[in-house]
**Student:** 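Quick one: the structure is below, questions incoming.
Since we're looking at a predicted model, the values are computed, not measured.
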Amino acid sequence: VQLQASGGGLVQAGGSLRLSCVASGFRLNRKAVGWFRQAPGKEREGVAVINYSGVSTYYADSVKGRFTISRDNAKDTVYLQMNSLKPEDTAVYYCAASIYDGIDFGSWHQGGDFASWGQGTLVTVSS
């Protein structure tokens, strides 16, 4: 059971990247999925989350209006489109699958409901 995040890289401020998350060993299509990030010396932060159907999404205030989480259940893939990137977005980004199909609005950002984590992909935004 493993998740794999990909799509990170080096981009200038104002640029865009799209991250992808796929699973091996299980299907993502019945799970809520979240994107989290951790910058050097900082705590892990919940970035965005999507329920199993894609109808419900939530975002950290720091990325609202710039990032969009989506999923293609036919491809069993979850995406994070990141636009207008800022240097403070620099971090390792992880995707994680919840043990639930829905989202707890008050606590998803803490990551406690997410049992399966990927190895992460590095996003570096230069100024």
Side-chain angles (χ1 to χ4, degrees):
V1 175
Q2 189 174 0
L3 291 177
Q4 180 64 53
S6 62
L10 175 62
V11 63
Q12 289 188 334
S16 298
L17 285 172
R18 188 177 80 157
L19 306 183
S20 298
C21 177
V22 296
S24 60
F26 71 103
R27 296 294 305 275
L28 278 178
N29 62 356
R30 299 301 299 175
K31 307 286 188 183
V33 175
W35 285 97
F36 298 79
R37 67 186 181 186
Q38 188 163 22
K42 294 189 177 181
E43 293 188 353
R44 185 182 67 197
E45 173 188 21
V47 174
V49 65
I50 189 166
N51 77 328
Y52 80 100
S53 67
V55 169
S56 296
T57 58
Y58 296 102
Y59 297 90
D61 288 342
S62 58
V63 306
K64 278 181 183 176
R66 300 188 298 121
F67 290 11
T68 302
I69 189 171
S70 62
R71 66 191 305 157
D72 183 341
N73 282 344
K75 296 182 178 179
D76 215 33
T77 302
V78 176
Y79 304 99
L80 184 68
Q81 178 67 43
M82 305 186 296
N83 298 329
S84 302
L85 283 162
K86 304 175 181 180
E88 51 263 43
D89 294 318
T90 295
V92 177
Y93 284 71
Y94 302 88
C95 60
S98 175
I99 59 175
Y100 304 113
D101 56 8
I103 304 166
D104 186 318
F105 172 72
S107 67
W108 70 268
H109 62 284
Q110 298 172 351
D113 291 342
F114 295 82
S116 301
W117 293 79
Q119 290 187 332
T121 185
L122 177 62
V123 172
T124 304
V125 184
S126 63
S127 57

**Student:** I'd like to know if the side chain of Glu88 pairs up with that of Ser62 as donor and acceptor (distance under 3.5 Å, no hydrogens or angles considered).
**Tutor:** no

**Student:** Out of curiosity, Tyr93 OH to Ser6 OG, how far, rounded to the nearest 0.5 Å?
**Tutor:** 15.0 Å

**Student:** Starting from Val55, can I reach Tyr58 by hopping between I/L/V/M/F/W/Y residues whose side chains sit under 4.5 Å apart?
**Tutor:** no

**Student:** Taking the side chain as C-beta and beyond, is there a heavy-atom pair between Val33 and Leu3 under 4.5 Å?
**Tutor:** no

**Student:** Which heavy-atom pair separates Arg71 from Gly54 by the least distance, and what is that distance?
**Tutor:** CD-N, 3.8 Å

**Student:** Over 60° means perpendicular and under 30° means parallel, so tell me whether Trp117 and Phe36 are parallel, tilted or perpendicular.
**Tutor:** tilted

**Student:** Would one find more than 12 heavy atoms of other residues, nucleotides or ligands at under 6.0 Å from atom OH of Tyr59?
**Tutor:** yes

**Student:** Does Gln119 CD have over 12 foreign heavy atoms under 6.0 Å away?
**Tutor:** no

**Student:** Does a donor on one side chain and an acceptor on the other come within less than 3.5 Å for Arg30 and Tyr52?
**Tutor:** no

**Student:** What's the separation between atom CG in Asn29 and atom OG in Ser53, rounded to the nearest 0.5 Å?
**Tutor:** 11.0 Å

**Student:** Using side-chain heavy atoms (C-beta onward) and a distance below 4.5 Å, is Glu45 in contact with Val63?
**Tutor:** no

**Student:** Of all heavy-atom pairs between Ser127 and Ala13, which one has the smallest distance, and what is that distance?
**Tutor:** CA-CB, 4.4 Å

**Student:** Going hydrophobic residue to hydrophobic residue with side-chain gaps under 4.5 angstrom, can you get from Met82 over to Val11?
**Tutor:** yes

**Student:** Could you measure the distance from the NZ atom of Lys31 to the OH atom of Tyr100? Nearest 0.5 Å is fine.
**Tutor:** 10.5 Å

**Student:** Answer yes when Asp89 and Lys86 have at least one side-chain N-carboxylate O distance shorter than 4.0 Å, and no when they do not.
**Tutor:** no

**Student:** If you round to the nearest 0.5 Å, how far is CG of Asp72 from OG1 of Thr77?
**Tutor:** 6.5 Å

**Student:** Is Val78 close to Trp35 at the side-chain level, that is, under 4.5 Å between some pair of heavy atoms?
**Tutor:** yes

**Student:** Taking atom CG of Leu122 and atom CG of Leu10, what is their separation to the nearest 0.5 Å?
**Tutor:** 9.0 Å

**Student:** Locate the shortest heavy-atom distance separating Arg44 from Gln38; write the atom from each residue and the value.
**Tutor:** N-NE2, 3.8 Å

**Student:** Can you give me the closest heavy-atom contact between Ala48 and Leu80, atom names plus distance?
**Tutor:** CB-CD1, 4.1 Å

**Student:** Is Ile50 reachable from Tyr79 through a run of hydrophobic residues whose side-chain heavy atoms are each under 4.5 Å from the next?
**Tutor:** no

**Student:** Taking all non-hydrogen atoms of both residues into account, name the closest pair between Ala115 and Ile99 and its distance.
**Tutor:** CB-CG2, 3.5 Å

**Student:** Measure the CG-NZ distance between Leu28 and Lys75 for me, rounded to the nearest 0.5 Å.
**Tutor:** 14.5 Å

**Student:** Show the nearest heavy-atom pair for residues Ala32 and Gly102, with the distance to one decimal.
**Tutor:** CB-O, 3.4 Å

